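The structure under discussion appears below in the form of structure tokens.
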Amino acid sequence: MSDRFTKSMARNIYLGGGVFAFLLFLGLTVDTMERLPERDHRENITPAVALGKKVWEDNNCIGCHTLLGEGAYFAPELGNVYTRLGNDKEAIKIMIQSRPVEGVPGRRSMPQFNLSDEELEGIAEFLKWTSEINTNNWPPNIQG
Amino acid sequence: MLKYQSQAVAKPYFIAAIGLFVAQILFGLVMGLQYVMGDFLFPEIPFNVARMVHTNLLIVWLLFGFMGASYFLVPEESERELYSPKLALLLFWVFLVAGALTIVGYLAVPYATLAEITGNDLLPTMGREFLEQPTITKIGIVIVVLGFIFNIGMTVLSGRKTVVSIVLLTGLVGLAVFFLFSFYNPVNLVLDKYFWWWVVHLWVEGVWELILGAILAFVLIKVTGVDREIIEKWLYVIIAMTLVTGVIGTGHHYFYIGTPEYWLWLGSIFSALEPIPFFMMTLFAFNMVNRRRKDHPNQAAVLWALGTAVTAFIGAGVWGFLHTLAPVNYYTHGTQITAAHGHLAFYGAYVMIVLTIISYAMPLLRNQGPAATAKAQKMEKLAFWLMTLSMAAITLLLTGAGVMQVMTQRMGDAPLTFMAAQDNIAIFYWLREVAGVVFLVGLITYVASFFTSDKVKTAA
């Protein structure tokens, strides 16, 4: 780099640019927070949905699945699984309940988590609520 | 051989980092096999457990590497002994034991049991990608990192202040600050995801790049003998571009998780610029080596320094750009394309920078002089090429898998189900596993390179 471009000029670009970027990011975050309620429909977060998120986390579901495209890529996307299974909470519950303890020979299989009825209802409600988030029309199709 | 005796505390950190790296790769191979032999080790080690161990070991060993790097370079930059070598050694054992217990916990009991016995309900932070650690482990990490920053900070602030040490310290403080967001876990998934990225993105595409830049600058000063003024000027400009592009670039994660539409534009534009600092880093490394005032005997360290710059640019920069524009990401989001990018970016930027500083520091820490023997360096360079080329192969194969997955599962009038699409791309996964085995061979060669020199010595 040329000698006319001094180290203190470089430092000022770093400090100025860094501070500007973080301030802009904070401003955008404030704006995003104001807009989120109409997109995430938080008014529909019932105690069952909250329990469902806890069940989701306690069993590390994100370790295999994606949820809104984030997570592991070993098992299907679940952000829209409620609609994929025909807007049917029972189908979600049956899917989770029916996993064989010893797995399926040669195939990937979800573990048997032995969830209670209340936990099953929670996870189904959580996935239903998630499917109603405004995600800018993602995923591209029902397969997720 | 060390300029300051307290630099020696870096050694256990580097050894632990390499040991955990080996374990990380073994679990990577388990996962790779599970992709094609779905029942492998099921139900004893289900995929989610193997993945958690794989990614958490990566994070922990990189942190060991960053800490070792700091303990090594800060005394030299500050021209004084470390504030407290005893504290550094104490924190080493605390971190190692806490890390080992956490991994044992992952493997020994079901995750839900681990959550229960570690009191996750008191402050739920578990079960989120990369932040799977029990809350008590997270608190332990905070304590270790704060103690570490205190130690480094006291050394930096009471010694000679250089751009390298100040940038490093800034990166480390940023690392600690953004980790605090891992304790925020709102019941609203969209909010949870929004701030989860403040840990994950603002680490790897933000403050960690400051740490990377500082370590690279330090090694380049040492191995090229180029005037510090020139190197520090480059460092400032690179990290300026990192923050200017990378902070708003967080927006490329805010396309499809419930956040407003303007992020489609902001995230696309700013993250499209994120390759710039990585490209500059490549120019920087080659420029400095070309303008070198001396030929440093440690040519393996020079190779790692050039390699990390190039591979970070390709992995983080080019492979990131491939899927960062919102209309592209609409189809690739959450597919093997992401996995491809993640592997080469982490390897190029962070694995390789830690191996760079280890390569430079280890001969000094082992009283071998400025460089290991020619034979050891030859082996280390072989390991460099085996690991780097096999990781490039893994990336290309996962990219192939990802393209096929997108075409069959995300596009067309009759998209396949997830599992049908997976079955179609099994060949890519098999080849990826082969490349993974080559990577392990490279890693074994790397570890072996540390033991060759002794033989030469005894022979002589």
Side-chain angles (χ1 to χ4, degrees), chain A residues 1 5-7 10-11 13-14 17-18 20-22 24-25 28 31-32 35-36 39-40 42 45 50 53-54 56-64 66-77 101-109 111 113 130 133-136 138-141 143-144, chain B residues 34-35 37-39 42-43 46-49 51-52 111-112 115 120 124 126-129 132 163 187-191 193-194 229-230 232-234 236-237 239-240 243-244 247-248 250 255-261 264 266 330-331 333-336 338-339 409-411 415-419:
Chain A
M1 266 180 246
F5 182 71
T6 64
K7 195 166 94 178
R11 186 186 60 217
I13 292 175
Y14 159 62
F20 175 77
F22 275 110
L24 180 57
F25 189 55
L28 288 163
D31 184 78
T32 297
R35 290 167 196 257
L36 278 186
R39 299 177 63 92
D40 60 31
R42 61 191 64 180
I45 301 179
K53 184 166 185 277
K54 175 180 147 59
W56 170 269
E57 289 166 356
D58 282 354
N59 292 284
N60 196 30
C61 305
I62 203 82
C64 290
T66 48
L67 189 63
L68 305 186
E70 295 169 357
Y73 321 112
F74 190 72
E77 162 67 30
V101 176
E102 292 301 316
V104 182
R107 304 287 299 170
R108 301 180 200 175
S109 177
F113 292 109
T130 304
I133 295 168
N134 179 351
T135 57
N136 293 333
W138 193 90
N141 64 51
Q143 299 300 352
Chain B
Q34 287 175 332
Y35 257 95
M37 295 170 59
D39 60 346
F42 190 90
F47 180 85
N48 75 86
V49 172
R51 183 181 199 262
M52 186 162 62
Y111 191 73
N120 190 53
M126 291 173 72
R128 295 174 303 152
E129 194 184 6
E132 296 92 347
V163 176
V187 77
N188 182 338
L189 181 72
V190 179
L191 282 178
K193 283 176 174 292
Y194 189 92
E229 285 293 305
I230 297 170
E232 291 181 339
K233 202 162 35 169
W234 272 94
Y236 269 138
V237 177
I239 58 173
L243 295 182
V244 167
V247 175
I248 307 295
T250 314
F255 293 162
Y256 310 118
I257 61 166
T259 30
E261 277 153 35
L264 296 170
L266 287 170
Y330 184 67
Y331 292 101
H333 181 47
T335 64
Q336 293 297 325
T338 316
Q409 182 196 323
R410 290 272 169 85
M411 302 174 102
L416 297 180
T417 64
F418 176 88
M419 273 316 300

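Note that the structure is a prediction, hence the values are computed from the model and not measured. Every chain is numbered from 1 and lettered A, B, ... according to where its sequence line falls, protein lines coming before strand lines.
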Most heavy-atom pairs under 4.5 angstrom with chain A, which of [options]?
options: B/I239, B/L243, B/V244; value: B/I239
options: B/E232, B/Q336, B/E261; value: B/E261
options: B/A240, B/A115, B/G258; value: B/G258
options: B/M52, B/R51, B/M411, B/M37; value: B/R51

For residues [X] and [Y], determine if any side-chain heavy atom of one lies less than 4.5 Å from a side-chain heavy atom of the other.
X: A/F5; Y: B/V237; value: yes
X: B/F418; Y: A/E77; value: no
X: B/F42; Y: A/P111; value: yes
X: A/Y73; Y: B/Y35; value: yes
X: A/R39; Y: B/V190; value: no
X: B/D39; Y: A/V104; value: no
X: B/Q34; Y: A/R108; value: no
X: B/H333; Y: A/E70; value: yes

Could you grab the distance from atom [atom1] of [X] to atom [atom2] of [Y], nearest 0.5 Å is fine?
X: A/L36; Y: B/L191; atom1: CG; atom2: CG; result: 6.0 Å
X: A/D31; Y: B/T259; atom1: CG; atom2: OG1; result: 12.0 Å
X: B/L189; Y: A/I133; atom1: CG; atom2: CD1; result: 5.0 Å
X: B/N48; Y: A/N59; atom1: CG; atom2: CG; result: 9.0 Å
X: A/N60; Y: B/R128; atom1: CG; atom2: CZ; result: 12.0 Å
X: A/L28; Y: B/T250; atom1: CG; atom2: OG1; result: 10.0 Å

Quick check on [X] against chain B: is it the side chain, the backbone, both or neither that has a heavy atom closer than 4.5 Å?
X: A/N141; result: side chain
X: A/T32; result: both
X: A/I13; result: both
X: A/L24; result: both
X: A/F20; result: neither

Backbone of B/Y330 reached by a side-chain donor or acceptor of A/W138 within 3.5 Å: yes

A/K7 side chain vs B/Y236 backbone, donor-acceptor pair below 3.5 Å: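 It does not hold such a pair.
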
Parallel, tilted or perpendicular: rings of A/F25 and B/Y194 (30°, 60°): parallel

Geometric class of the A/F74/B/F47 ring pair [parallel <30°, tilted 30-60°, perpendicular >60°]: parallel

Heavy-atom pairs under 4.5 Å with chain B are the metric here; pick the option from [options] that has the most.
options: A/P105, A/A72, A/P139; result: A/A72
options: A/A21, A/G144, A/G17, A/P140; result: A/P140
options: A/E102, A/R35, A/R107, A/K54; result: A/R107

Could you look at [X] and say if it's the side chain, the backbone, both or neither that has a heavy atom under 4.5 Å from chain A?
X: B/N120; answer: side chain
X: B/R410; answer: both
X: B/P415; answer: both
X: B/P46; answer: side chain
X: B/L416; answer: backbone

